[in-house]
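The block underneath contains the structure these notes are about, expressed in structure tokens.
Positions are given from 1 along the sequence. Whatever order the structure lists them in is the order used to number ligands and atoms, beginning at 1.
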Amino acid sequence: MENFRKDSIETLCVQAGYEPKSGESRVLPLYMSTTYKYNETKDLEDLFNLAKPGHIYSRISNPTVAALEEKISKLEYGIGAIGTSSGLSAEFTTVLNVCSFGDNFISSSSIYGGTYNLFDVSLRKLGINCKFFNQDSEDKDIEKLIDDRTKLIYIETLANPALKIADFDKFVKIAKKHKLLLVVDNTIATPYLVNPIKLGANIVIHSSTKYLDGHASAVGGFLVDGGNFEYENNPRYKDFYTPDKSYHGIVYTRDCKNSAFIVKARVQIIRDYGCVMSPFNAYLTNLGTETLHLRIRRHSENALKLAKLLENHPKIEWVRYPGLENNDQHILLKKYFRDSLSSGMVTVGIKGDREEIAKFADNLKLFKIVTHIADVRSCILHPATTTHRQLSKEALKDAGVTKNLVRLSVGIEDFDDLKNDILQALNCIK
Ligand SMILES: *Cc1c(COP(=O)(O)O)cnc(C)c1O
């Protein structure tokens, strides 16, 4: 189907992943079917042997989900992707694909609160130990955390809600030096603004719940394989080049070549843990992704205007937005992000205590109070009392969350309406 340039992202957003034959549905069909029919036993046997591509059972793959997987993979310059039931399950699947009991991995501490909890609490209970680092630390201090049983490095392109940008050159260098997988959560930046695989990352994670869907209608996630990592003879990744007895002796590097990671993740982790994306969520997410390129530009433009407006407002202590020239992340933004656009995420420090912050939020009319970000509608959240309440004082500091931090997810509405809404609500506080 490749009759357009591989790197023309606008066309990929709209058309990649699904090509109807003559007389078939123009829109990606929704296949609500758990299973698939074959004419002969031999056909199904070939599928089980991975000798032919095709669908067996929807816990492992499904045509609607597969079409979106192909689109997301192409958008991220991957060789394959898996749709999962949520962003967190994409992370879980990725970690379990390389870590067993007793292994460890290292992660930036400037990450999404839910991810932090998964790494710091739930994975530890499975005997998988995460060691956190401050992403501004010197290389040698980060490298000190790496040992023989370290299996991956985890960072976020644009960390939510700290709005810190990962320095790709630094982390690619560390990963290469220690022959470690570099895994990047690209949820907030989206493939429209940054392509981590092109910058040297090996695996990309998405919570498609956010900008990929963009309409707050479907929870979902993706892992995308760059197919650019050498597992063979690297003792950290023995499971990739020795027979997997849970899948009749498959040797992933031998039998799947550069798709080793994504095939192993599907036939072992997704098959056994079952955290797969539902076809209906893939159908909805695909519709959203068709307009990703338009929405992200608009989100970013509205957010930049709002950040500039609030910078000089007497009731605002500080504004954090990488698109502002005086922001400490601006150099990295210019280096890595398309057109220096910075998404719709803005954080501000409100002058005043908890009651004043609540009064501000309660008086907003267009910005709604919700536990969500990155959809077309503007919204507001106070992380310290909600999404980040389970974190310790130190972890909050590392995550860049202060008591007076308010997170704004700027939508694609008319800018003047958004501006007037914020200004009238600020007028309601002391
Ligand atoms: C929301 C989010 C996640 C988790 O995704 P879910 O789909 O809610 O499981 C992971 N990373 C980032 C950056 C997020 O914003």
Describe, in one word, how the ring planes of Tyr36 and His55 are oriented to each other, choosing from parallel (under 30°), tilted (30 to 60°) and perpendicular (over 60°).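 Geometry flag for His55 against Tyr36: tilted rings.
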Counting only heavy atoms from other residues, nucleotides and ligands, does the tally under 6.0 Å from OH of Tyr283 exceed 12?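 12 or below, so no.
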Is the Lys NZ or Arg CZ of Arg338 less than 6.0 Å from the centre of Tyr192's six-membered ring, within 45° of the axis?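 Satisfied, under 6.0 Å and within 45°.
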Can any side-chain N or O of Asp120 pair as donor or acceptor with the backbone N or O of Tyr116 at less than 3.5 Å?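 Here the side-chain-to-backbone pair does not exist.
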Taking every non-hydrogen atom, the tightest pair across Ala282 and Leu68: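 Nearest heavy atoms, Ala282 then Leu68: O-CD2, 3.5 Å.
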Regarding Ser208 and Asp213, do their side chains bring together a donor and an acceptor under 3.5 Å, going by distance alone?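 No, because no side-chain N or O of Ser208 sits under 3.5 Å from a partner of the opposite role on Asp213.
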Tabulate distances under 3.5 Å between N/O atoms of ligand 1 and N/O atoms of the protein, writing both atom names on each line.
from     : atom 1 : to     : atom 2 : distance (Å)
ligand 1 : 5 (O)  : Ser207 : OG     : 3.0
ligand 1 : 7 (O)  : Gly87  : N      : 2.8
ligand 1 : 7 (O)  : Ser207 : OG     : 2.8
ligand 1 : 7 (O)  : Thr209 : OG1    : 2.7
ligand 1 : 9 (O)  : Gly87  : N      : 3.1
ligand 1 : 9 (O)  : Leu88  : N      : 2.9
ligand 1 : 11 (N) : Asp185 : OD2    : 2.7
ligand 1 : 15 (O) : Asn160 : ND2    : 3.1
ligand 1 : 15 (O) : Lys210 : NZ     : 2.7

